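Accompanying notes for the structure given below.
In this text the structure is predicted, and so the values were computed from the model without any measurement. Order of appearance sets the numbers: ligands from 1, and atoms from 1 within every ligand.
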Amino acid sequence: MTIRHHLSEQLLTGYAAGQLPEAFNLIVATHVSLCDECRARLAALEAVGGALIEEIEEIAMGEAALEAALARIDGLPQATQRAPLKAAGILPAPLADYIGGDLSAVRWRRVGGGVKQAILPTGKDATARLLYIPGGVAVPDHGHKGMELTLVLQGAFADQNDRFGPGDIEIADQDMEHTPVALEGEACICLAVTDAPLRFRGMIPRLAQPLFRI
Ligand code: ZN
Ligand code: ZN
């Protein structure tokens with residue numbers, strides 16, 4: 001798997017600091033489980049974060065506390081040695097754990113044009129859903145009120161900006177409008193996360209929006 005589109009520094013930092021909504025944690029953990037590069041970046045951020053906390057503790061508690069903290073760090077396994085998580089099916093381990101199984105455990109709902117989606121239960125501050133887009137089919141043209149992250153699990157899609165294959169993550173914000181189209185061939189299965197409802201341009205998708213919560 002050659003991954004060309006990665007997590008932003010902002011997302012990795014937010015994840016390391018435990019400040020992201022649940023749906024965003026899920027997509028970050030899933031990408032990191034597939035991507036050596038982001039796993040290494042995250043480990044570096046966690047090391048910096050840990051060092052900062054120890055520094056604050058040192059100021060607060062003096063030398064003895066620092067030595068105790070350093071002894072504790074020595075005893076910890078190195079974050080960089082964490083092995084990639086492997087799963088047997090299409091879904092990476094963090095996602096399969098979340099769903100409680102592989103694709104067969106997903107309860108799809110049809111949204112028209114052969115497109116199916118399954119909304120995953122997460123905190124209400126952001127929405128996570130799995131999308132199934134048959135080869136050659138487009139997702140309606142839309143803009144974004146907030147941030148939308150799309151992680152490809154199978155197949156590939158392209159939009160006005162670029163092409164995204166397995167493991168790639170697209171980061172779209174309120175300035176972006178796009179029409180993702182699944183490439184011909186194998187259906188494209190993605191995990192998509194949004195922190196605000198999408199603004200659909202066409203009338204019918206806009207009417208359907210409250211029904212499908214997309
Ligand atoms: Zn990455
Ligand atoms: Zn979008």
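Note that CD1 of Ile27 and OG1 of Thr122 are 11.5 Å apart. Values are rounded to the nearest 0.5 Å.
Using a distance-only test at 3.5 Å, with no hydrogens or angles considered, no donor-acceptor pair links the side chain of Asp168 to the main chain of Val152. Distance alone, capped at 3.5 Å, places no donor-acceptor pair between the Glu186 side chain and the Gly135 backbone.
Restricting His31 to its N/O/S atoms, the shortest distance to the Zn ion (ligand 1) is reached by NE2. Per residue Glu148, closest N, O or S atom to the Zn ion (ligand 2): atom name OE1. The closest approach of His6 to the Zn ion (ligand 1), by N/O/S atoms, is made by ND1.
Here the shortest heavy-atom pairing between Cys38 and His31 reads SG-NE2, 3.4 Å.
Among the atoms of Cys35, an N, O or S atom falls under 2.8 Å from the Zn ion (ligand 1). Here Asp159 does not reach the Zn ion (ligand 2): none of its N/O/S atoms is less than 2.8 Å from the metal.
Shown here is Gln10, whose CD atom has no more than 12 heavy atoms of other residues, nucleotides or ligands within 6.0 Å.
Computed with the Zn ion (ligand 2) at the centre, the His178 NE2 to His144 NE2 angle is 100°, stated to 10 degrees.
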